[in-house]
Each structure stands twice: as C-alpha cells, then as structure tokens.
Chemist: 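Before I ask anything, here is the structure I am working with.
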Amino acid sequence: DCSMQQTSDTHNNMPNRNEYDRLVDVEQTSYDDTAASTDESSSEQEPEGVRGGEISEPWPATFGRSAKILARPIVGLEEVVRATESIHILPPTKLRKNTSLMGLDRGWRTPDPASNKRGTRTENNDDDDDEEGGGIFRRMGISKIPSLDWRLRPGGPAAMSERQRRSEEEMRAHRMSTMHGTNGTMGEFRMEMEGEEDGVSKGGKENEEVEVVDDRGSKDGSKTSFFGCVCNVTNTLLGIGILSLPFVFRLCGYVGGMFAILTFGAITCRTALMLGRALNGDPRPSHIFEGSPPPCHSRHSAKSGKDNNKDSSSRVVRLRKPIQSFPGIGREAFGQRGTVILSTAMYFELFSCLAAFLVSLGEHLQSLFPGFSVTAHMVMGSIVLMVATVFFKNPRLISYLSFVGTVTTVSVVLTVLAAALWKGDLTDDIAQQMQQSHTSSVSTYVAPPPPRHDLWITSGLPIGFGLVAFCFSGHAIIPTIYNSMEAPQQFERMIALSFTLTLICCIAVAGSGYYMFGSSVSDQITISLFDAPIENAASAMTVLTWLMIGTVFSKFSLYIFPLALGVEEIIAPFVPTDLAMELSYAIIKLVLIVSALCVAIFLPSFSFLCSLVGLVCSMIVSVIFPAAAHLKLFGPHLSAWERIVDWAFIVGGVIFGIIGTVVAMQ
C-alpha cells in the first residue's frame, strides 16, 4: 500500500513537459560542468609535457615528444624539458568521479552528497538545492537511462556516432565518384556536415576564427615556416656523418664517391616523399590538397560563407586517415608487431650513434692532448656525460649545446671549402712529411705509399654506401617536421629543396676534403685538418676541434633521451611510483652510457661503426620501410612504375644491406 501510494503521489506531482525538459537540461549541465572541472583539475595536476597516458599507449608512445629535440637546429628550453622528462605514474586517486549521476538508488528523498563543483545556473532559485544534488529523476519516479542523459543533440555520443557514420559514407561515395571520373554534390553535403558540427546551424558565428592547435596543444604561432622546415631537415641530415664523406671518396674514388652520394641521396629523397604521402593519407602529391583543410591540424574547423560556396571539385578527399608519427605509419601498415620491429631498428640506430659519438670524442680529444690514449679520453668523456645527463641534468645547457652543434656544422662546411680554395692539393706536402718521418725513424719502419687520387674503386662501394646511408639517415624525424609545418601542402617542395641543399653541401665537403688529402684523408675530416701542414691556421683548427667536441657532447645528450625513454616505457607498467620511475630513468641512462662505451672500446673505428649503422639500421629505416609502407598502404592505387620502384627499393635495400654488412665485417 505504501508503494502504491508513493507511485500515485509521484504520478500526481509529475511536472509538465517543459518542466521536465528544464530539469533534464539542468541535470545535463551539471554533468558537463563536473566533467569540465574534472578535466581542468587533471590537466593542472599533470605536468605540462608529460602524459601519464603514455603507459597505456602502444610502444613506443614517447618517441613523438622525445624526437622533437632532434628535429630543430636550436632547441628551446621548454622543448628540452618536455622531451627529456620521465614518464609520470598517475595513481588512481587522481581520477575524480562525478557524484551527481551516481548513487541514485539511495532511497526516497535521500539527499545526494555535497558536490565539489561550481554552482549551476537555474531558473528557480528555490530548487537549487534539489537540482545541485542530482536526485531529480529519483524524486520523479523515473529510472535514469542513457537516452535521457544524452539526448540526440550536438555533442552527445549518439549524435557524434551518427555524424561520424554519415561522414564516412560521404567520403566513401566521393572517393568512388572521383575514381570513376563522375561529379556529384558530395562536397555540398560535406560542407553541410561540417557546418552542423561547428554549430553553425544552431545559430553560431559563421565567420568566427577558431584556434588551431597541433598534436601537443600548441597554437598556430608555434608552427614552422617553409624555410624553417628546410633548415630543420638540412640540419638533421647534415649531422656528424658529414665528417666521413671525404673518406667515402677515398674508398670509392672521385666517380665512385659521387655515384654513391647522388644515388643514395635520390633514393632517400624519394622515400622521404613516400613518408609524407603516408602521413597525408593519400599517394598523390601533397600540392593537390592546396585548397583542402590540413589534416589533423585543428580540433575544430570553422568555414566562412565564401568557403561554403565552393564547388565540390575544389576539395580533394584523401584515401586514408592521416597519420601523426613515424611509429604510427608502421602500425597502420604492418600492425603492432611490425611497429615493434621498426622501432627496435630505430632505437638500435640511436644506440650505435652513441658509440660513434664516443669514438669521435676520444679521437678529437687525443688530437688536442696526445699524452693520453683514445680509450682514456673516451672513458673520461663518458664520466662527464654521466654527470651532465644523469646526475645534474641541465636543460638550459643542453639547449645551448644544440646551438653549438648547428654552428659547428656550418663551420665544418665553410672551413673545408676555404682550406681547399686556399691551400689546394696538399698531397705533395703530406708525402714529403711521410718521407721525413721515414728517414728519421729506424730502418725497420715501412713508409706508407704516398697519397694519390683515384677515379673509381669498386671494392669500396659497399662500405661507401654505408657511410652515405648513415649521413642521410633522418627519416624517423620527418613526421615531426611535417606536423610542425604551417602549410603541409608544401611538404614535397620543402623536401626537394632540403635534399638539394644537403647534396650540395655533401658533395662540396667530400670533394674538397679528398682533393686536399687524397688517399691519406682520415675518416673524420676535422682530424685531417688539425694535422694538416697549413701555415697560420693552427689556432683556427684548434677552435674547430673544440667546436666538434662540443657538438659531440650535444649530440650525445640529445640522442640518449629518446633511447632512454623508449626503454623506460617498457618497464613503466611495473613501476609503482614516480620516485621509482625517476630512479629507473637514471639507471637506464647509466647503463646505456656504459654499454655505448664498451662498444666504442671494442670497435674504436668511426668509419666502421657509421658504415655498419648505415648498412643495417639506416637501410631499414630510410629505404626499406618507407617503400614497404607505401606499397602496403596504397598498393591498389599506385601506378605500375611506382610499384616497380617500391619493390626495387625493398629488394635492393635488403641485398645491398646484406652484402655491405658482410664486406664491412671482413
């Protein structure tokens, strides 16, 4: 009887339809406000630059933010802090729950717990306490179901799924009409859909400017211009590998070295374009999307009245969903297993670079302080790096050292060119020095043959290709540069200009260095310049050597953080607290430095390490993978010659990598 009386009272006190809509709106507003406050509080608690969600994302989730410090000539302080910070473990207590929609079965007229959100605007002040409590539906005698929480209106999950389904159908239909050469009115339908999503049909501002943000939440002002991206790509390619290019001419001769640089430069330029098209989600050139909105560069899209009047023919629909990262391309093409294989090769390349940096550091220090061996200098340099990167990590120092690396790259190119123009061929002077050393030494000493210049040496091509591949290995950074562009439609023109400048610098340094020293050139041109018989240039060569030492320190410091974060990401699910994670992060960097030192001591040859990395890792990351991903993602839509080129890159890269590795090991 009490139950029947209660139901009758509830039925008699049932509000009218307008009152019911008002109550539902109040309840919905309460939910939205609480969710918004929860997001704001969580974003404030989570440090900027570190996402706790990286633990739950597929490996490697940290490569995107850590690779940003490798993509810029001069790295800002905030970028260094963001890219080098350890993964944060977010405890479950940080996940706040919304109490306004929970615990609705506590009994009749039982008040809800006090809400910790901000007050909600209501029409009747007398009902504020009831509406803030969240027990409206219980007092009305209705069961609360999701259809009452999220009515079909913009912003609800049901409406979002409906719009997404219609958008997919529209894109599929427009894609088919484009392939068959037919015209339709899908562009108008798409514009109508976009206008509805932006709230234009609901009376919003049609011409309102919307803030554009990238994947890390930065505004349009942080985007990089066309020439800025050219500088970033050129600086990435002109790394420490440019020091060994004159040694390529020593191994292959003038014609052979030129053939190796031009061939591999053209191949890597083509594979860089393949990566850009995979990121864009379409195998066609990026400039045809000039009139289309950039993919995934804004959270919202606002269209002006002028844009709404455009024909559907002015909009080009992409075949696939755009991709945001280098591992994302592997995941889209080959799944998570393929991504793990690709990322392993990528991180092994970073580790091998650490060993090559230590060898270069030891040789340059030994040229300045010949009283100690190269091994002793490598050990002392490793200790300094441990202190700088593990115990007293100073982001400002790392930012300054990145500037030193850029200055050194420009200085090396200009110094080699100036020395070649000033002194010319130094082979006769070097031969005379060798003869004097032979006459002043014991009779058992066998003098090396005098330096010479060769045109073609076939036996040196495999190792020469490996050194060139190491110099052009920067494809893992290309997605980061692509996502930072103001106009991604200019990506292919930017890549063409960047590789052209890189080829000019590489050929100039390689040809000038080999012209000066011939077959006596060292595997690092700066070592040969320091020992060269050049009058009145000792001070300049000393300054250049110290700049190279600073560059090695900066490159080592920048390369170790992406590698350490990748390893840390593997063990992060098993670490309970932030303190334990920070300790693990420091231990990982110590182990990496010690391991790289052991490799450098065991293989103290800069040219051997660089050629081995180029033949194995760079061939996979920069040649085989881009071609395979391009073929996998867009195979049915490629022309015959494009498929032939892809297969040639895949098969040729595998064969040449195996042959070159065998020759290098011998």
Side-chain angles (χ1 to χ4, degrees), residues 238-254 256-258 261 356-357 359-370 374 377 408-438 447-454 457 460 463-464 467-468 470-471 505-552 604-611:
L238 292 179
I240 199 172
I242 196 174
L243 302 179
S244 61
L245 290 182
F247 192 74
V248 174
F249 276 43
R250 171 183 171 178
L251 296 173
C252 308
Y254 274 120
M258 191 77 67
I261 293 177
F357 292 153
V359 173
S360 177
L361 177 64
E363 292 181 353
H364 282 91
L365 286 174
Q366 203 271 338
S367 62
L368 291 174
F369 307 101
V374 175
H377 284 296
T408 303
T409 302
V410 177
S411 301
V412 168
V413 175
L414 296 179
T415 301
V416 174
L417 291 177
L421 293 175
W422 178 29
K423 299 299 295 184
D425 190 358
L426 297 176
T427 54
D428 294 337
D429 297 337
I430 295 174
Q432 185 177 0
Q433 279 187 347
M434 291 181 177
Q435 185 66 27
Q436 293 176 356
S437 300
H438 173 64
R452 65 185 188 280
H453 297 92
D454 298 311
I457 303 176
I463 300 179
L467 293 174
V468 176
F470 178 80
C471 183
C505 294
C506 290
I507 293 175
V509 172
S512 300
Y514 187 64
Y515 170 68
M516 284 190 293
F517 301 102
S519 58
S520 64
V521 67
S522 175
D523 56 359
Q524 298 182 77
I525 185 61
T526 48
I527 301 296
S528 298
L529 287 174
F530 186 83
D531 298 332
I534 302 178
E535 299 177 357
N536 302 324
S539 299
M541 295 301 107
T542 302
V543 172
L544 182 63
T545 304
W546 277 111
L547 285 176
M548 279 305 309
I549 293 173
T551 300
V552 172
S605 173
F606 182 79
S607 59
F608 174 76
L609 286 173
C610 292
S611 62

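What you see is a predicted model, and the numbers here were worked out from it, not measured in a lab.
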Chemist: Is there side-chain contact between W546 and L368, with heavy atoms separated by less than 4.5 Å?
Modeler: yes

Chemist: Return yes if some donor-acceptor pair links the side-chain N/O of S512 with the main-chain N/O of V509 below 3.5 Å, else return no.
Modeler: no

Chemist: Any donor-acceptor pair under 3.5 Å linking the side chain of S522 with the backbone of S528?
Modeler: no

Chemist: Please find the pair of heavy atoms, one from G257 and one from V248, that lie closest to each other, and give the distance.
Modeler: CA-CG1, 4.2 Å

Chemist: In Å, rounded to the nearest 0.5 Å, how long is the span from OG of S244 to CG of L251?
Modeler: 9.5 Å

Chemist: Is any side-chain heavy atom of C506 closer than 4.5 Å to a side-chain heavy atom of L238?
Modeler: yes

Chemist: What's the separation between atom OG in S360 and atom CG in L243, rounded to the nearest 0.5 Å?
Modeler: 6.0 Å

Chemist: Could you go step by step and tell me if L467 and L245 meet the side chain to side chain contact (heavy atoms under 4.5 Å, CB included) rule?
Modeler: CA-CA 7 Å; L467 293 174; L245 290 182; 5.7 Å; no

Chemist: What verdict does the side chain to side chain contact (heavy atoms under 4.5 Å, CB included) test give for L544 and S411, after you've listed the backbone C-alpha separation in whole Å, the side-chain angles of each residue and the deciding distance to 0.1 Å?
Modeler: CA-CA 7 Å; L544 182 63; S411 301; 4.1 Å; yes

Chemist: Test of understanding: with ring-ring contact (aromatic ring centres under 6.0 Å, His included), list the residues that count as partners of F247, not counting sequence neighbours.
Modeler: none

Chemist: Minimum heavy-atom separation for C610 to A356, with atom names?
Modeler: SG-CB, 4.4 Å

Chemist: Compare every heavy atom of P451 with every heavy atom of S519, then report the nearest pair and how far apart it is.
Modeler: OG-CA, 3.2 Å

Chemist: So, taking the atom named CZ in F606 and the one named NE2 in H364, what distance separates them when rounded to the nearest 0.5 Å?
Modeler: 8.5 Å

Chemist: Please name the residue in the list T551, T526, T415 that meets the side chain to side chain donor-acceptor pair (under 3.5 Å) test with T408.
Modeler: T551

Chemist: Where do A419 and L529 come nearest, in terms of heavy atoms and distance?
Modeler: CB-CD2, 4.2 Å

Chemist: I need the L365 CG to I549 CD1 distance, nearest 0.5 Å.
Modeler: 4.0 Å

Chemist: Given L609 and F470, is the side chain to side chain contact (heavy atoms under 4.5 Å, CB included) satisfied, shown in steps?
Modeler: CA-CA 10 Å; L609 286 173; F470 178 80; over 6 Å; no

Chemist: Please determine whether side chain to side chain contact (heavy atoms under 4.5 Å, CB included) holds for the pair F517 and I525, giving the CA-CA distance in whole Å, both sets of side-chain angles, and the decisive distance to 0.1 Å.
Modeler: CA-CA 9 Å; F517 301 102; I525 185 61; 3.8 Å; yes

Chemist: For the CZ atom of F530 and the CD atom of E363, what is their distance to the nearest 0.5 Å?
Modeler: 13.5 Å

Chemist: Who are the side chain to side chain contact (heavy atoms under 4.5 Å, CB included) partners of I457, not counting sequence neighbours?
Modeler: D454, S459

Chemist: Using the six-membered ring wherever Trp is involved, compare the ring planes of Y515 and H453 and label them parallel, tilted or perpendicular (cut-offs 30° and 60°).
Modeler: tilted

Chemist: Does L547 reach the side chain of V412, with side-chain heavy atoms less than 4.5 Å apart?
Modeler: no

Chemist: Check I430 against P533 and note the closest heavy-atom contact, atom names and distance.
Modeler: CG1-CD, 4.4 Å

Chemist: Between the main-chain N or O of F369 and the side-chain N or O of H377, is there a donor-acceptor pair closer than 3.5 Å?
Modeler: yes

Chemist: Write out all pairs satisfying side chain to side chain donor-acceptor pair (under 3.5 Å) with one or both partners inside residues 418-428, taking only residues at least two apart or from two chains.
Modeler: D425-T427

Chemist: Testing the basics here: between S367 and I527, what is the closest heavy-atom pair and its distance to 0.1 Å?
Modeler: OG-CD1, 4.3 Å

Chemist: Mind checking the CE-CG spacing from M516 to D429? Nearest 0.5 Å is all I need.
Modeler: 12.5 Å

Chemist: Are S605 and V359 close enough that some pair of their side-chain heavy atoms sits under 4.5 Å apart?
Modeler: no

Chemist: With a 4.5 Å cut-off on side-chain heavy atoms, are V374 and P604 touching?
Modeler: no

